[in-house]
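Worksheet: the structure to be examined is printed underneath.
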There are 2 protein chains.
Amino acid sequence: MGVQERRAREKKELRQEILDAARDLFVREGFENVSMRKIAEKIEYSPTTIYLYFRDKSDLLDCIIEETFARLVRKQTLLEQTVADPVERLEKGLRSYVEFGLKHPNHYKVTFMMPEPPVTDPELCPRSREMGQKAFANLRNMLAECVEKKLLEIDDLEATAQAAWAMVHGLTSLMIAKPHYKWAERNHLIDTLLGTLMRGLTAKSPVAV
Amino acid sequence: MGVQERRAREKKELRQEILDAARDLFVREGFENVSMRKIAEKIEYSPTTIYLYFRDKSDLLDCIIEETFARLVRKQTLLEQTVADPVERLEKGLRSYVEFGLKHPNHYKVTFMMPEPPVTDPELCPRSREMGQKAFANLRNMLAECVEKKLLEIDDLEATAQAAWAMVHGLTSLMIAKPHYKWAERNHLIDTLLGTLMRGLTAKSPVAV
DNA sequence: ACACCCATGTTAACGCTGTTAAGTTTATGA
DNA sequence: TCATAAACTTAACAGCGTTAACATGGGTGT
């Protein structure tokens with residue numbers, strides 16, 4: 001009897017419907033302007049129904065963010081296979097990180113620009129963080145490969161990876177937070193930052209501090 | 001008759017009392033966890049009284065942020081007078097920016113990590129932005145002086161200044177947003193980022209892209 | 001001296017929020 | 001056919017920012 005299976009399928013469908021509605025509102029209006037009631041109205045269910053499928057609002061949004069960030073990870077993994085030169089790959093990886101953030105500002109905002117809430121339940125950590133971590137792990141691997149192949153000389157791999165991440169995050173988050181600021185032309189600005197960053201990594205002579 | 005003056009003084013005092021209470025809560029609990037009612041309770045007035053002294057919540061918080069950011073600007077201005085070498089001054093200025101942000105995470109969060117609200121009243125723009133702009137202007141001036149004195153070669157001053165700003169902002173904001181992340185030791189991390197940044201600015205040879 | 005007025009502050013309320021407890025409907029398996 | 005469990009809704013709680021309407025007390029003009 002396929003009854004239970006049909007039920008399970010229907011349940012899954014509604015869950016997906018909620019996700020779709022939430023993502024749509026979320027992308028268009030931004031995290032803090034999307035209420036559970038708005039999502040409920042869009043799918044024509046009562047607000048409390050959502051709680052049958054998601055623990056709470058942040059759980060729901062985490063699920064949305066996860067699937068989007070998985071795309072970034074895939075994109076970067078693809079880069080590993082298509083770009084031979086590790087230095088060029090690193091530069092392209094950093095660039096794709098920025099471009100991804102600018103393409104999905106609301107997702108990026110929630111994942112990297114909001115203070116993480118105090119950990120109440122240590123085991124129920126949001127999934128989206130995992131994907132963010134994975135993206136960073138990719139970046140570090142790219143950097144490590146440059147060092148292995150003697151293309152870069154780096155003292156502290158971990159610290160350098162974190163610094164590089166911070167730099168591309170800085171540009172991404174600032175442009176998201178201040179869209180009305182008189183920025184230099186976008187691609188030129190990205191080039192300038194990546195140029196400085198890559199030169200800073202390749203230059204061997206220490207600078208006076 | 002000093003009556004009006006006394007009244008004005010009393011009004012000023014209550015205004016200051018509100019600011020003090022709000023700043024205290026704000027620094028300790030963070031922006032989104034401070035409600036007007038909490039502030040009112042702390043000063044033992046009704047919530048609506050606050051609206052006699054401040055347009056709304058964001059106006060109140062802007063006033064607090066402004067006075068804090070003024071300290072950063074003062075600090076950087078002081079640097080201009082005490083550090084002779086422009087390159088060293090630039091590096092110290094960038095460093096003080098990061099340290100300031102980490103010292104006042106809640107202020108920094110509101111000023112640079114939150115999406116700016118849609119401009120409703122174009123003339124009633126928040127004051128705090130002004131101070132943030134001033135801090136950035138300082139940074140650009142430091143950079144410009146390095147170029148003037150032929151200590152740095154830079155193609156596009158504006159884009160480079162924005163990129164440098166983005167880099168230090170990146171580190172500051174990431175460490176604020178993810179305090180529980182397994183960061184490298186704070187000072188070492190700052191050194192690593194500033195080292196890469198300064199090398200990237202001073203290195204003349206272009207890197208392959 | 002007395003009435004008025006205005007600054008100051010309060011109470012009550014509106015419409016929103018996330019979330020929970022309790023109640024209702026619906027369909028299924030025995 | 002009937003109890004049961006799953007699915008969903010209604011009503012409510014406690015909080016939020018903000019506004020309108022009301023109270024009060026003291027300085028001012030006549």
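Treat the numbers as computed from the prediction; the structure is a model and nothing was measured. Lettering follows sequence order; numbering is per chain, from 1.
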Quiz item: Rounded to the Å, how far apart are B/Lys12 NZ and C/dA7 C1'?
Solution: 18 Å

Table of protein N/O atoms under 3.5 Å from nucleotides 13-16 of chain C N/O atoms:
none

Quiz item: Among all residues two or more places apart in sequence or in another chain, which pass the ring pair (Phe, Tyr, Trp, His ring centres under 6.0 Å) test with A/Phe54?
Solution: none

Quiz item: Can you list the steps and then say if A/Glu88 with A/Lys92 is a salt bridge (charged side-chain N to carboxylate O under 4.0 Å, His left out)?
Solution: CA-CA 6 Å; A/Glu88 187 187 342; A/Lys92 285 222 166 88; 2.7 Å; yes

Exercise. For the residue pair B/Trp165 and B/Arg140, establish whether any side-chain heavy-atom pair is separated by less than 4.5 Å.
Key: no

Can I get a per-line list of side-chain donor-acceptor pairs under 3.5 Å for residues 71-80 of chain A, giving both atom names and the distance, sequence neighbours left out?
unit_1  : atom_1 : unit_2  : atom_2 : d
A/Thr77 : OG1    : A/Val73 : O      : 2.6

Quiz item: To the nearest 10 degrees, what angle separates the axes at the start and end of the helix from C/dA1-D/dT30 to C/dA30-D/dT1, five pairs each?
Solution: 30°

Quiz prompt | Side chains of B/Tyr181 and B/Met175 in contact at under 4.5 Å (non-hydrogen atoms) | solution = no

Quiz item: How about A/Lys38: does its NZ atom have over 12 heavy atoms from other parts shown lying under 6.0 Å from it?
Solution: yes

Practice problem: Just say parallel, tilted or perpendicular for the rings of A/Tyr108 and A/Phe69, cut-offs at 30° and 60°. | Solution: parallel

Exercise. To the nearest Å, give me how far apart CG (A/Leu52) and P (C/dT20) are.
Key: 12 Å

Practice problem: Provide, to the nearest angstrom, the distance between the CZ atom belonging to A/Arg55 and the P atom belonging to C/dG18. | Solution: 16 Å

Quiz prompt | Nearest-angstrom distance from the residue atom CG of B/Leu60 to C1' of D/dT18 | solution = 14 Å

Quiz item: Under 3.5 Å, is there a donor-acceptor pair linking the side chains of B/Asn141 and B/Glu145?
Solution: no

Exercise. Classify the side-chain pair B/His104/B/Thr68 by whether it contains a donor and acceptor separated by less than 3.5 Å.
Key: no

Exercise. Using a cut-off of strictly less than 4.0 Å between a heavy atom of the residue and any atom of DNA chain C, enumerate the qualifying residues of residues 42-51 of chain B by number.
Key: B/Tyr45, B/Ser46, B/Thr48, B/Thr49

Quiz item: Should A/Arg15 and A/Cys63 count as side-chain neighbours, where that means a heavy-atom distance under 4.5 Å?
Solution: yes

Practice problem: Measure the distance from CD on A/Glu32 to C1' on D/dC16 and round it to the nearest whole Å. | Solution: 15 Å

Quiz item: So, the side chain of B/Arg89 versus the backbone of B/Val83: is there a donor-acceptor pair under 3.5 Å, distance only?
Solution: yes

Quiz item: Would you say A/Tyr53 reaches D/dC8's phosphate, i.e. side-chain N/O to OP1/OP2 under 4.0 Å?
Solution: yes

Self-check item: Whole-Å gap separating C1' (C/dT8) and CZ (B/Phe54)
Solution: 16 Å

Quiz item: Does one side chain, of B/Tyr45 or B/Tyr53, offer a donor that lies under 3.5 Å from an acceptor on the other?
Solution: no

Quiz item: Whole-Å distance between D/dG17 P and B/Lys57 NZ?
Solution: 5 Å

Quiz item: Within this structure, what is the CG-to-P distance between B/Asn33 and D/dG17, rounded to whole angstrom?
Solution: 11 Å

Quiz prompt | Ionic contact status for A/Glu91 with A/Arg95, cut-off 4.0 Å | solution = yes

Measure all distances between protein nitrogen or oxygen atoms and nitrogen or oxygen atoms of nucleotides 24-26 of chain C, and list the pairs falling under 3.5 Å.
none

Quiz prompt | Salt-bridge contact B/Asp24-B/Arg28 (side-chain N to carboxylate O under 4.0 Å) | solution = yes

